Novice: 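Just dropping this structure here.
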Amino acid sequence: MATKRAAIAGVGQTNYRTRHDDKTLPELAQEAALLACEDAAIDLKEIDAVVFSLAPTALAGVDSAERWASDAVGASGKPYMRINTGGATGGSAAQAGFYHVASGRFERVLVVGADKVAESADAQKILNNIWDPVMESLIPLNAITMCSLQAVRHMHKYGTTHEQMARVSVRARENAARNPLAHLRKKITIKDVLESRPVAWPLNLLDCCPRSSGGCAVVIVSEETARRSNRPVGWINGVGACTNTYWMGDKMSGAQLDHADWDDLAMAAEHAYRMAGISAPQQEIDVAEIYAPFTSTELAAAEALKLCGKGEAGPLQEKGIFEFNGEIPISPSGGTLAANPIAVTALARVAEAALQVRGTAEERQVDKPVRNAVATGVGGSLQFHTAMVLGQDPV
Amino acid sequence: MGVVGIGKARPRPEEPVPSLEDLAFEAARAALDDAGLERDQIDGVVLAASDQIDGRAISSMVMAGPAGGYLKDEIKVAGDAGAALSLAIMRIEAGVFNSSLVVAWAPEPTPSTVQISHLAGDPLYLRRTGHSDLAVAAMRAASWMDEHQSLDGVSLADAFVADRSPVPGSEEVSCWPLRARHIARPGGGAVALVVAGESAWPDARRGAAAITGMAWETAPYFFGDRQPRESALSSAVRHAYREAGMQSPANGDVVEVHDATAFDALIALQALGLKDLNQAVSSPLVNRAGGCFTWNPVVAGALDRAAEASRAILEDEASRAVAQMQAGAGGQSQSVFVFEKAA
């Protein structure tokens with residue numbers, strides 16, 4: 001357990017769409033920040049410290065864009081830092097915000113960010129700069145093919161089928177239809193997914209996340225502040241993170257951790273579960289907001305979170321376990337397949353999990369009571385993993 | 001909370017240029033060896049680096065492993081070593097961690113940080129003006145000289161550099177009033193610290209340099225909006241000193257200032273409470289190993305200030321040391337740490 005308890009008192013998200021031509025990146029972040037402060041019933045001036053969530057700054061076309069955004073998010077005259085762990089950035093930033101409060105140094109911390117992925121010249125070309133420019137530039141390794149390699153391995157190891165993967169996308173769109181902020185909200189069928197344009201086998205277009213733009217923010221407060229406000233909060237009961245090797249080839253054939261599985265996420269989740277006092281995730285986790293940029297990744301993540309056994313996520317979907325009204329709804333917000341503003345996607349998972357435990361997710365609030373929710377983030381070559389457990393009550 | 005180990009990796013002219021991974025590994029390994037600890041005994045890792053300077057998006061993908069982060073709870077703070085050290089400390093203060101590696105680096109050869117920082121100007125207004133870290137540092141220097149006209153700023157800057165730079169810089173005006181000799185030349189290298197809570201101190205080989213005060217703060221993005229000019233720095237100093245229970249450095253205290261330029265050093269020395277700058281610039285207790293004018297691995301150059309301040313404590317050369325670190329154009333972000341001998 002942490003030295004001091006911390007809770008998410010405010011959540012703010014802009015709508016996520018392909019372009020936000022009406023706002024600069026700082027303005028998007030500001031919109032999210034002000035929404036989060038309003039939700040927490042505090043003024044931006046009352047924030048004690050700010051953590052900015054921003055993955056590759058090149059997507060914004062501005063070096064160190066967090067500095068450009070600092071005034072817009074109220075960071076001037078305050079402690080301020082930017083976190084960058086690739087796709088996991090939002091989860092890492094939320095954890096950094098948690099540590100600000102749990103250390104006892106700050107009462108109210110704003111974690112905020114924004115992205116304009118589709119507004120860069122070519123997001124994939126920018127993301128391709130994550131690879132070695134000499135050795136790896138010769139092979140078609142990019143953010144999509146790296147996930148297709150993992151998908152192939154999961155299919156080989158467990159017999160996962162493309163139809164099972166496609167069901168993930170169908171579920172995401174059904175959930176997104178209830179979320180007015182989601183980027184992609186049109187319902188689709190398994191047939192639509194299987195017949196969509198191939199991108200990198202086995203991933204077709206509708207197996208993949210969109211390029212989204214938008215902002216997200218959460219306000220994390222101390223226990224004293226939370227209890228004084230007498231408003232619903234999401235208690236941050238557990239946090240964990242794990243970084244694996246960059247080299248995917250080192251995760252094959254007898255390696256410590258197999259590339260098919262997300263045992264690194266399992267390690268992060270184990271730490272978060274232990275802090276939160278959760279020993280039986282299948283029974284104790286009520287909602288999982290999973291960072292899954294591709295359909296295959298959601299299956300691996302669900303297994304890593306011990307919501308089911310390894311290799312079971314694909315077949316279990318047919319029993320409706322992960323559906324909106326199932327035993328363990330996955331990403332009732334629509335998740336990453338419905339919106340992926342990279343810098344804040346993992347933060348949005350935290351935000352949505354907080355909304356669920358607070359009971360304030362509006363139309364996308366699941367029907368069952370939500371005592372505990374888990375939110376994940378993933379980044380790099382599927383190597384950076386974050387897990388945060390939120391609860392209705394503190395531990 | 002304290003620093004129990006220090007490690008550095010610096011390219012050596014007589015050897016082949018090391019890879020960035022080599023530098024980070026060497027520094028992290030050296031810090032662990034210095035602390036007398038193994039990687040298994042470290043709970044977490046906090047990195048500080050700049051993708052743009054490294055020349056790779058999400059550079060921590062390839063760097064986290066060599067820096068000690070394999071299968072650890074690792075997190076990266078972008079471009080600000082002071083904030084990274086602060087986060088490592090907060091993670092321990094939160095009771096979730098007991099120890100942490102903090103690692104920062106810059107590649108060798110180092111790209112033009114001026115050209116890179118040009119892209120930090122917002123594309124709508126600033127970029128067309130030639131905005132860069134160098135330009136804002138020059139404005140900061142000019143503004144300081146204007147405010148302190150009774151001081152011969154250039155002479156003070158020259159005196160600061162004279163004792164610390166192994167190679168005299170040129171007279172060429174880089175960006176008035178900064179001449180080439182006033183600017184610490186960026187180079188490659190890595191710095192690593194092991195930070196640990198008190199329960200780990202008995203296991204540490206040399207004890208600990210206790211962190212008795214720390215603070216960090218950010219000023220407005222636009223230099224013209226910074227009124228007073230050094231509000232972030234003075235506020236960070238005030239908060240760190242208050243936590244440490246001190247008013248200003250005493251005789252015998254070591255002071256490490258982030259001297260990316262000589263004028264940055266003067267401004268920091270003044271803010272830290274060394275009012276007699278004529279004495280401070282030549283003091284052997286200020287930037288004892290030469291500071292950035294001897295070695296400036298950019299982001300790691302900031303962490304090196306904390307490393308040198310800690311070293312003074314761990315080697316019993318001072319009972320207290322203060323480190324100031326900055327990041328962003330014109331020192332937009334400021335961090336101050338106070339180190340004392342662990343009781």
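Here the structure is a predicted model, which means the values were calculated and not measured. A note on names: the letters A, B, ... follow the listed sequences, proteins ahead of strands, and every chain is numbered from 1.
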Novice: Do the side chain of A:R82 and the main chain of B:A78 share a donor and acceptor less than 3.5 angstrom apart?
Specialist: no
Novice: Which one wins on heavy-atom pair count under 4.5 Å against chain B: A:S70, A:A75, A:S64?
Specialist: A:S70
Novice: Which bit of B:S333 is near chain A, if near means a heavy-atom gap under 4.5 Å: side chain, backbone, both or neither?
Specialist: both
Novice: If you define the side chain from C-beta out and look only at heavy atoms, does anything of A:K78 sit under 4.5 Å from B:T218?
Specialist: no
Novice: Do A:T57 and B:Q52 get their side chains close enough for a donor-acceptor pair, meaning under 3.5 Å?
Specialist: no
Novice: Under 4.5 Å heavy-atom distance to chain B, tell me which part of A:T89 shows up: side chain, backbone, both or neither.
Specialist: neither
Novice: Does the side chain of A:W131 reach to within under 4.5 Å of the side chain of B:M61, using non-hydrogen atoms?
Specialist: yes
Novice: Atom CD1 in B:I89, atom CZ in A:R105: separation rounded to 0.5 Å?
Specialist: 7.0 Å
Novice: Let me confirm one number: the CG-NE2 distance from A:D63 to B:H118, rounded to the nearest 0.5 Å.
Specialist: 11.0 Å
Novice: Compute the centroid of each ring, for B:Y70 and then for A:W247, and state whether the two points are separated by less than 6.0 Å.
Specialist: no
Novice: Would B:R91 pass as a cation-pi partner of A:Y99, given that its NZ or CZ must be under 6.0 Å from the six-membered ring centre and within 45 degrees of the axis?
Specialist: yes
Novice: Kindly give the heavy-atom pair with the smallest separation between B:D73 and A:Q95, and that separation in Å.
Specialist: OD2-OE1, 4.4 Å
Novice: Kindly give the heavy-atom pair with the smallest separation between B:I58 and A:P56, and that separation in Å.
Specialist: CG1-CG, 3.7 Å
Novice: Between A:V62 and B:D122, is any pair of side-chain heavy atoms under 4.5 Å apart?
Specialist: no
Novice: Checking ring pair (Phe, Tyr, Trp, His ring centres under 6.0 Å) for the pair A:W68/B:H131: CA distance, chi angles, key distance, verdict?
Specialist: CA-CA 12 Å; A:W68 181 32; B:H131 179 276; over 10 Å; no
Novice: Can you label the angle between the A:H271 ring and the B:F97 ring as parallel, tilted or perpendicular, going by 30° and 60°?
Specialist: parallel
Novice: Under the criterion side-chain contact (heavy atoms from CB on, under 4.5 Å), which of A:T245, A:T243, A:L257 is the partner of B:L71?
Specialist: A:L257
